[in-house]
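Worksheet: one structure, shown below.
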Amino acid sequence: MDQEKRNQKSIDPASLEMLSRAEEAGLETAWERYDKQEPQCGFGLLGLCCRNCNMGPCRIDPFGGEPAKGVCGADADTIVARNLLRAIAAGAAAHSDHGRDVVETLLHASTGQAPDYQIKDRDKLMALATELNIETAERSDQEIAAEVASTALDEFGTRKGTLAFLNRAPAPRREVWSKFGIVPRGIDREIVETMHRTHMGVDTDYVNLILHGLRTALSDGWGGSMWATELSDVLFGTPQPIEGVSNLGVLKEDEVNIIVHGHEPTLSEMIVEAARDPELLELARSKGAKRINICGMCCTGNELLMRHEVPVAGNFLQQELAIITGAVEAMVVDVQCIMPSLTGLAGCYHTEIISTSPKARFPGARHIPFEEQNALKIAKEIVKLAVENYPRRNPDRVFIPEEKMEFLAGFSVEAILSALGGSLDPLLNAIKDGSIQGIVGLVGCNNPKITQDYGHITLTEELIKQDILVVETGCAAIASAKRGLLLPEAAQKAGPGLRAVCEALKIPPVLHMGSCVDISRILVVAAAVANALEVDISDLPLAGAAPEWMSEKAVSIGAYVIGSGIYTVLGTVPPVLGSKKVASLLTEGANEVVGAAFAVESDPQKAAGLIVEQINYKRSRLGLP
Ligand code: SF4
Ligand code: MSK
């Protein structure tokens, strides 16, 4: 492949170097598999294919010809809306099931069944207990934690009327949800109802379907994801600004490299602890390695870098490239965003893929079931296996790119407040006087449909130039970390207003707020700003963006972000264009319902223009300069 074609795949030099190595070695990655899929199925791209019953599969002619209806009579609007709803439900389920696992770990830690976990942030536990009206006087931390966890578990079913954290949203937002009947009741309930409504012969009204999609997504953002974040902070500590290093250059030639990949911090936290075990370190030395090097990947990387000085090896499209370095003794995976291709690639090297979750097995991987009751013991077993694998590494096949970059991460809501001196006032004043024009939550994945990291970086740089503070999570945040945008020095790339604020507070113009579930932190900040100004979230100069999104979780995120009143620009097209009515409801009509809508723009420069326009409009309505 010529250099020009390769350069269209990524803007990250480490990825480009590894792609060239992969090509030399005859190894296939997601980029080549994407090329082989082209042209992708037109019905699928437009959302016009239905497989919801066995009279089908059915597809609708996108040009208005025949077939215009499925066997049951469902038309394009119904089929597109139902498909979108099922994607929202899958995304909400993924985030919320992760949340439930964290809740159960807290419950078991507080009842002595998971002895390796402790409550690391007592203040946060007490604050949550107070918020949830849980008695704290004369009770042990364990008793309080058990009741907080049990209250959280109730949120998944239907034993209560609505979700507790909805009270964090400003009153006008809650009124909007009430008026349109989209107040989420239980997290699982909304997901189950989505599956029911989209079954053959149930809900066929596209408006009614989309409204329930918003309700399901809101149960993720203000429910499952928010619980995952809050209770991870209680168990593992609320992140504070921390320095780290990112990109494939964090792998070490003379150390045992273990990559932890996936999403749930319950496992990765224990692996980090196990790697400090003196016996395992001695074993590593006896095998000729200097140290045990734990690195993160994707959102597990974000969870670890937010709380420990664990380097992050890369974002979504770098998982295969990490194995091709030939320097990874073990890639330990749990759930979500783990490519099924990893085991095949690992088979070409000495790398062990170790799956750990009963929910996610990978043919060809070694499975070591992770149980929270024996968490540290199992984590040590996994680390030992990786150490023993070190002598099997073939030094002649090792190639680690040099690229790595320092970053500052760990901007939880609490950390932002502390950087502001304990109150939101400096931020509110900066927004009011125009030094900060607005705030954009820039999130999401990589997708081979877009040059890797180009969407994230171009949009981020354009926005900060316009004095817009950018807060990031997930693979978008890792892209910025690799590019040096998470350093306070990056303020030099910002407009004069934002630059002055960043220099005064010694913060970067792009704040890393965590993993995918931590988008709930962005909701909390948005709600706090709206409450302070006594307006709705939809009145604020805010926007969301997902320039390179690919997962169903991102569909749920997009839906709860607009459901919360925040205009959102997507960089890859969702499969909804097969119905003009659904597309128009999502991009225009939603404004009349939730005060926000989607836009789709794959050119990040143009996306920045759309966002600036929206922020200017919101500022003018608030009477701000
Ligand atoms: Fe076809 Fe209707 Fe069955 Fe879908 S639900 S596969 S449109 S018959
Ligand atoms: S890991 S969901 S690729 S952000 Fe959360 Fe990255 Fe997207 Fe997975």
Side-chain angles (χ1 to χ4, degrees), residues 30 43 47-61 67-83 85-87 90-92 94-95 98 197-204 209 220 225 228-229 260-265 268 296-306 312-320 333-339 441-448 450 452-453 455-456 472-481 512-519 545-558 570-572 578-579:
F43 296 105
L48 283 174
C49 168
C50 181
R51 289 180 293 111
N52 291 12
C53 89
N54 208 28
M55 291 189 283
C58 301
R59 76 250 185 275
I60 304 296
D61 183 283
K69 293 194 169 157
V71 178
C72 67
D75 62 12
D77 304 328
T78 301
I79 290 175
V80 168
R82 280 197 310 214
N83 287 340
L85 227 63
R86 286 198 166 197
H95 281 152
H98 162 178
R197 285 184 187 220
T198 54
H199 184 276
M200 185 265 148
V202 188
D203 200 357
T204 49
L209 282 160
D220 170 2
S225 282
T229 296
V260 206
H261 174 25
H263 278 77
E264 296 187 346
S268 48
M297 171 84 43
C298 283
C299 277
T300 281
N302 285 319
E303 295 279 359
L304 290 179
L305 72 85
M306 292 272 282
V312 58
N315 49 4
F316 178 69
L317 277 175
Q318 286 177 292
Q319 55 187 289
E320 296 180 296
V333 301
D334 52 25
V335 289
Q336 300 169 21
C337 304
I338 299 145
M339 286 194 196
L442 202 152
V443 305
C445 326
N446 293 138
N447 184 331
I450 296 221
Q452 186 206 7
D453 293 350
H456 296 312
E472 296 191 338
T473 64
C475 291
I478 298 175
S480 285
H512 186 311
M513 293 189 78
S515 64
C516 308
V517 291
D518 292 335
I519 295 169
E548 302 180 29
W549 75 275
M550 62 84 197
S551 77
E552 289 168 314
K553 291 181 289 175
V555 183
S556 175
I557 292 165
L570 304 175
T572 61
S579 162

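As the structure is a computational prediction, the values presented were derived from the model and not from experiment. Atoms within a ligand are numbered from 1 in the order they appear, just like the ligands themselves.
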Practice prompt. Show which atoms of ligand 1 fall inside a sub-4.0 Å distance from at least one heavy-atom site of Gly56.
Written response: 6 (S)
Worksheet entry | Proximity flag Lys69 to ligand 1, non-hydrogen atoms under 4.0 Å | no
Discussion item. Can you name the atoms of ligand 2, numbered from 1 with element, that are less than 4.0 Å from a heavy atom of Met550?
Written reply: 3 (S)
Practice prompt. Can you see which heavy atom on Asp220 is nearest to which on Gly91, and at what distance?
Written response: OD2-O, 4.0 Å
Fill in: Region of Gln336 engaging ligand 2 - heavy atom pairs below 4.0 Å
neither
Worksheet item: Looking only at side chains, do Gln452 and Asn315 share a donor and an acceptor under 3.5 Å apart?
Response: yes
Discussion item. Please tell me whether His263 and Lys553 have a donor and an acceptor in their side chains that are separated by less than 3.5 angstrom.
Written reply: yes
Discussion item. For atom 3 (Fe) of ligand 1, what's the nearest protein heavy-atom neighbour? Residue, atom name and distance, please.
Written reply: Cys53 SG, 2.4 Å
Fill in: For Cys445, the ligand 2 atoms whose distance to one of its heavy atoms is below 4.0 Å
2 (S), 3 (S), 4 (S), 7 (Fe)
Discussion item. Side chains of Glu548 and Asn446: any donor to acceptor distance under 3.5 Å?
Written reply: yes
Practice prompt. Identify, for atom 5 (Fe) of ligand 2, the protein heavy atom at the shortest distance, and state residue, atom and that distance.
Written response: Cys516 SG, 2.2 Å
Worksheet item: Going by heavy atoms in the side chains, are Cys50 and Arg82 under 4.5 Å from each other?
Response: yes
Response to the item:
Under 4.0 Å from one or more heavy atoms of Phe316, ligand 2 contributes atoms 3 (S)
Worksheet item: Which pair of heavy atoms, one from Cys445 and one from Cys475, lies closest together, and at what distance?
Response: CA-CB, 3.8 Å
Worksheet entry | Side-chain touch Ile519/Ser225, heavy atoms, less than 4.5 angstrom | no
Practice prompt. Starting from atom 4 (Fe) of ligand 1, locate the nearest protein heavy atom and write down its residue, its atom name and how far away it is, to 0.1 Å.
Written response: Cys50 SG, 2.3 Å
Item to complete: Give the C-alpha distance, both sets of side-chain angles, the deciding distance and a yes or no for side-chain contact (heavy atoms from CB on, under 4.5 Å) between Phe316 and Met550.
Response: CA-CA 10 Å; Phe316 178 69; Met550 62 84 197; 3.7 Å; yes
Worksheet item: Mind checking whether Val80 and Leu48 have side chains closer than 4.5 Å, heavy atoms only?
Response: yes
Discussion item. If we ignore hydrogens and angles and just use 3.5 Å, is the side chain of Asn302 paired with the main-chain N or O of Gly474 as donor and acceptor?
Written reply: yes
Worksheet entry | ligand 1 atoms in contact with Met200 (distance to a heavy atom under 4.0 Å) | 5 (S)
Discussion item. With a cut-off of 2.8 Å, does Cys72 put an N/O/S atom close enough to atom 2 (Fe) of ligand 1?
Written reply: yes
Worksheet item: How far apart are the C-alpha atoms of Ile338 and His261, what are their side-chain angles, what is the distance that settles it, and do they pass the side-chain contact (heavy atoms from CB on, under 4.5 Å) test?
Response: CA-CA 7 Å; Ile338 299 145; His261 174 25; 3.9 Å; yes
Practice prompt. State the atoms of ligand 2, each with its element, that fall below the 4.0 Å cut-off from a heavy-atom position in Gly444.
Written response: 4 (S)
Worksheet item: Out of Ala479, Cys475, Gly301, Cys337, whose heavy atom sits nearest atom 6 (Fe) of ligand 2?
Response: Cys475
Worksheet item: Which is it for Arg59 and ligand 1 at heavy atoms under 4.0 Å: side chain, backbone, both or neither?
Response: neither
Worksheet item: With backbone taken as N, CA, C and O and side chain as the heavy atoms from C-beta onward, which portion of Ser551 lies under 4.0 Å from ligand 2: side chain, backbone, both, or neither?
Response: side chain
Worksheet item: Does the shortest distance from atom 3 (Fe) of ligand 1 to an N/O/S atom of Cys58 fall below 2.8 Å?
Response: no
Worksheet, complete the sentence: In ligand 2, the atoms that come under 4.0 Å of a heavy atom of His263 are 1 (S), 5 (Fe), 8 (Fe)
